Each structure stands twice: as C-alpha cells, then as structure tokens.
Novice: 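Sharing a structure here in structure tokens format.
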Amino acid sequence: MTEAESASAPTGPARPGRWAVAALLALVLVAAGAFTVPRLFNGDRPAPDGPEAGFARDMSAHHAQAVRMAFAVRDRSDDEKIRTLAYDIITTQQSQIGMMSAWLDGWRAPHADPAGPMRWMGGHGGHGAPGGTMPGMATREQLDELEHAQGRAAETLFLDLMITHHRGGVSMARAVLSRTGRPEVLRLARSMVEGQQSEIDLMTRMRAERNADRPGG
Amino acid sequence: MSKKTAQRRPKPKRNELTRKTPPWGGIIFFTCIGLIAVAAIGYAAWQARPVDTAGIDGLVETENLSRNHTPAAVSYPTNPPMGGDHDSQWQNCDGRVYDQALRNENAVHSLEHGAVWITYRPGLPAGQLDQLRDTVEKTDYTMLSPVPNQDSPVTLTAWGKQLKLQDAGDQRVSDFLRAFVKGPQTPEPGAACTGGKATP
C-alpha cells in the first residue's frame with residue numbers, strides 16, 4: 001500500500017454520506033447507460049415501436065384510405081371543384097405516404113404492427129384504444145356505398161366521409177406533435193394539421209352548397 | 001502487513017479496513033444496483049432492436065423472380081406462389097379477408113406491391129381462423145385466403161419469402177409481418193393495395 005493511499009484511507013467509522021454518493025454515482029451510470037445503449041444499437045433513430053414509427057405506420061394506412069376515397073369520387077363526379085380537391089388529396093397524401101415509408105426504412109422500423117394500430121397514442125389521455133381503429137376511418141360499408149354511388153350522391157357522401165377522415169387525421173398529427181422532437185416529423189405533422197384543417201373548411205363550405213340534396217348527411 | 005498489524009493489536013478499532021466479516025451491506029447494495037443497471041440497459045437495447053429478418057426459423061427464400069405482366073395462366077413452382085410473372089391487376093390487399101381461394105396471378109401482383117399473403121388450408125380450427133382474420137384486418141398490406149391443397153395449415157408469403165406454420169398462434173406470424181410487410185424485398189415500393197381486384 002502506498003503512502004498516498006494510506007493517507008486517504010478512513011481512520012474512523014464509515015460515514016453514511018459515502019453510501020449516498022456511491023448510490024448517486026451508480027444511478028447516474030445506469031441512466032447514462034440506458035440513454036446511450038439504444039443509440040449504440042440503433043444510431044440516432046427513433047425506436048421501432050416509438051411514437052414516430054407508430055405515427056408513420058398508422059398515418060400511411062390512414063392516408064391510403066383517403067387516396068382510395070378521392071379516386072372513387074373522381075371516377076364518379078363531373079364537378080370540377082370536387083375533381084380538383086380529389087386530385088389534390090390523392091397527390092399530396094400519396095406523396096406523404098412515400099415520405100413516411102422512407103422514414104421507416106431509414107429508421108429500420110417495421111412497416112406493420114400486427115399488435116394493432118394506435119398503440120403509440122395509447123396511455124395519453126385515452127385517445128387510442130389498443131387494437132382499436134384509427135380516428136376518422138370510414139367503414140368497409142361506407143367505402144362500398146361510396147364506390148357504388150354516382151354524381152351528386154357520391155359527392156355529398158365523399159364530403160361527409162372526408163371531413164370526418166380529415167378531422168381524425170388532424171387529431172393524429174396533433175398527437176405526434178406533442179410526442180416527438182424529430183424535426184422531419186414535426187414539419188410533416190404540422191403541414192398535415194394546417195393543410196387538412198383548411199381542406200375541412202373548404203369541404204364544409206362545399207357540403208353546405210349541396211345541403212338541400214341530402215339533408216342531415 | 002495488515003495481518004501483522006492485526007496480531008499486534010488484538011482489539012483494533014472496528015472500521016471498513018480492519019473488520020474480518022465481508023461487508024454484506026455493501027455487497028448486497030451494489031449487487032442490486034448492478035442488477036437494476038443490467039435490466040434497464042437490456043430493456044433499452046431490446047426496445048431499440050432493429051427489424052430482424054434473418055432470425056425467423058424455417059424461412060424459405062428465393063431470388064431472381066421474373067416480373068412480367070401476362071393475361072395467361074402461370075405455372076408456379078410453389079403453392080402458394082412466392083413471386084414470378086403475374087396478371088396486370090393486383091388483388092386488393094388493404095387488410096382484406098377473402099373466404100374463397102384467389103387467382104394466383106392476381107395475388108402474386110400484390111406480393112410485388114409489398115403485401116404479405118396469409119393462406120390457410122380449409123379445415124383450420126375456427127379459433128385459429130379468427131386469430132388470422134383479426135391480425136389481417138388490423139394490418140394494412142396484408143390479405144387472407146384459403147388455398148385448398150397447400151401442404152401446411154398456415155402459410156405466410158411475401159415476394160421471395162415463405163414460412164410454413166402448423167399453428168396460427170405461432171409468434172413467427174407477427175415476426176414475419178413486421179419483417180416483410182412493405183419490407184426490403186418489395187420489388188415495387190410505394191405501390192398500392194387498393195384499386196385492384198376486389199373479389200376472389
């Protein structure tokens with residue numbers, strides 16, 4: 001034993017303060033490890049089951065249904081305003097699906113969650129029920145009805161379904177805004193909130209113009 | 001040296017350096033901290049694990065599948081087929097449950113779009129069939145249909161990937177979906193699972 005070590009060795013009973021310091025150090029190490037290790041394994045990527053990946057997966061399926069409905073009404077309507085709106089929704093949302101797909105690829109996250117949609121929103125105010133469906137999605141029966149309607153009837157049904165669909169989309173985009181700090185996710189989610197909200201206003205006006213045709217929606 | 005000192009002073013003042021019994025308090029304390037650390041770091045690493053496609057036991061893979069469109073019937077080497085030439089129209093695969101057998105040539109086109117096609121041999125116990133329906137209905141880019149003469153109770157197929165299972169409750173159903181729905185094997189990423197053929 002060296003003199004220096006002997007000199008620093010305790011001469012009296014161990015002070016309880018030492019344990020506290022040791023415990024604090026150990027906890028700091030644990031916290032640092034828990035923070036660092038996922039990054040070593042996964043780089044600077046969001047977790048495969050985190051809110052960003054969950055949002056990208058669910059919003060892709062949500063968008064895919066909007067694209068399907070927009071195509072349906074474009075095939076069934078001669079109204080220029082409706083056809084332009086549908087064209088806008090198809091191109092915008094299909095391109096956003098592409099962006100979110102590229103995120104998932106880059107994050108090495110799965111494109112499917114067989115445990116069901118909306119788990120990333122669960123446990124925060126009860127928005128999402130595990131295994132439940134996404135907000136605003138049309139049912140198979142409603143899609144079937146839209147795809148068998150024609151002209152004015154197809155237009156009003158489309159507006160009703162798409163207003164509900166966009167409201168659900170806005171709520172999902174808002175939910176991820178409060179759960180992530182990733183700039184690319186924040187940017188796209190903000191653009192969805194603003195873009196879909198303004199389309200909701202537009203569709204509400206278009207719906208009002210047609211109110212006489214189908215009272216009560 | 002410490003031994004000598006101890007002999008000279010038979011009743012030393014008790015402290016951390018001179019006492020003979022192991023410091024059990026400290027040992028237990030740091031063991032606990034260590035276990036918590038291992039658990040926390042292990043959990044964090046598990047959470048961050050990337051999609052693992054190599055770890056699926058029993059996975060069959062094939063490469064260099066042709067991708068031509070043809071209106072003709074195609075003879076595929078496996079049942080159900082894992083890819084190859086196909087019809088220009090894809091089978092809708094937006095989490096769709098079909099109660100009748102599909103035309104292979106349409107289903108193969110869905111695989112090209114990144115879908116996973118789950119097939120079962122008729123006679124699968126009702127509980128297992130319900131389990132498959134439930135999984136398919138809540139997973140976009142999947143479809144379910146019976147294949148009358150397939151050689152396993154349940155088969156999962158993606159483009160160039162196939163897994164034969166005895167039981168629908170197998171954990172590998174979930175593993176396969178996470179790995180291959182719109183997975184890296186997809187020849188045509190971004191292509192749709194709607195707007196195709198809606199009936200068997």
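Values below: all heavy atoms of this structure, side chains included; hydrogens, waters and symmetry mates excluded. Fair warning: this is a prediction, and the values are worked out from it, not measured in the lab. Every chain is numbered from 1, with letters handed out A, B, ... down the list of sequences.
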Novice: With rounding to the nearest 0.5 angstrom, report the CG to CD1 distance, A:Leu27 to B:Ile33.
Specialist: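 That separation rounds to 5.0 Å.
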Novice: Can you confirm whether B:Phe29 is buried at CZ, in the sense that more than 12 heavy atoms of other residues, nucleotides or ligands lie under 6.0 Å from that atom?
Specialist: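 It does: B:Phe29 CZ has more than 12 such atoms within range.
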Novice: Go through the atoms of A:Gln94 and report whether side chain, backbone, both or neither lie under 4.5 Å from a heavy atom of chain B.
Specialist: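 For A:Gln94, the side chain is the part near chain B, not the backbone.
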Novice: May I ask you to test the A:Ser60-B:Lys182 pair for a side-chain heavy-atom distance under 4.5 Å?
Specialist: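 Contact flag for A:Ser60/B:Lys182 side chains = yes.
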Novice: Are more than 12 heavy atoms, taken from residues, nucleotides or ligands other than A:His148, located less than 6.0 Å from that residue's NE2 atom?
Specialist: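 At most 12 heavy atoms, drawn from other residues, nucleotides or ligands, come within 6.0 Å of this atom.
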Novice: Output the residues of residues 186-200 of chain B for which the shortest heavy-atom distance to chain A is under 4.5 Å, in residue-number order; output 'none' if no such residue exists.
Specialist: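 Contacts with chain A: B:Gly190, B:Thr194.
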Novice: Name all residues meeting the side-chain contact (heavy atoms from CB on, under 4.5 Å) criterion together with B:Ala158; count only those two or more places apart in sequence or in a different chain, and write none if there are none.
Specialist: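 Result, side-chain contact (heavy atoms from CB on, under 4.5 Å) vs B:Ala158: B:Val116, B:Lys161, B:Phe176, B:Phe180, B:Gln185.
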Novice: Please determine whether the number of non-hydrogen atoms from other residues, nucleotides or ligands lying under 6.0 Å from atom CZ of B:Arg67 exceeds 12.
Specialist: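 Enclosed: over 12 neighbouring heavy atoms sit under 6.0 Å from CZ of B:Arg67.
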Novice: Count the heavy atoms of every other residue, nucleotide or ligand shown that sit under 6.0 Å from CG of A:Asp78, and state whether that count exceeds 12.
Specialist: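 Atom CG in A:Asp78 is not packed in, count stays at 12 or less.
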Novice: Restricting to ring-ring contact (aromatic ring centres under 6.0 Å, His included), what partner residues turn up for B:Tyr141, sequence neighbours left out?
Specialist: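 Expected list: none.
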Novice: Measuring from A:Arg57:CZ to B:Arg178:CZ, what's the distance to the nearest 0.5 Å?
Specialist: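 Those atoms lie 6.5 Å apart.
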Novice: Counting only non-hydrogen atoms closer than 4.5 Å, can you tell me which residues of residues 82-109 of chain B sit against chain A?
Specialist: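 Within residues 82-109 of chain B, near chain A: B:Asp94, B:Gly95, B:Arg96.
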Novice: What heavy-atom pair brings B:Thr139 and A:Asp113 nearest, and what distance separates the two atoms?
Specialist: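 Shortest heavy-atom separation between B:Thr139 and A:Asp113 comes out as OG1-O, 4.4 Å.
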Novice: Apply side-chain contact (heavy atoms from CB on, under 4.5 Å) to B:Asp140 and A:His62, showing your working.
Specialist: CA-CA 10 Å; B:Asp140 203 12; A:His62 204 264; over 6 Å; no
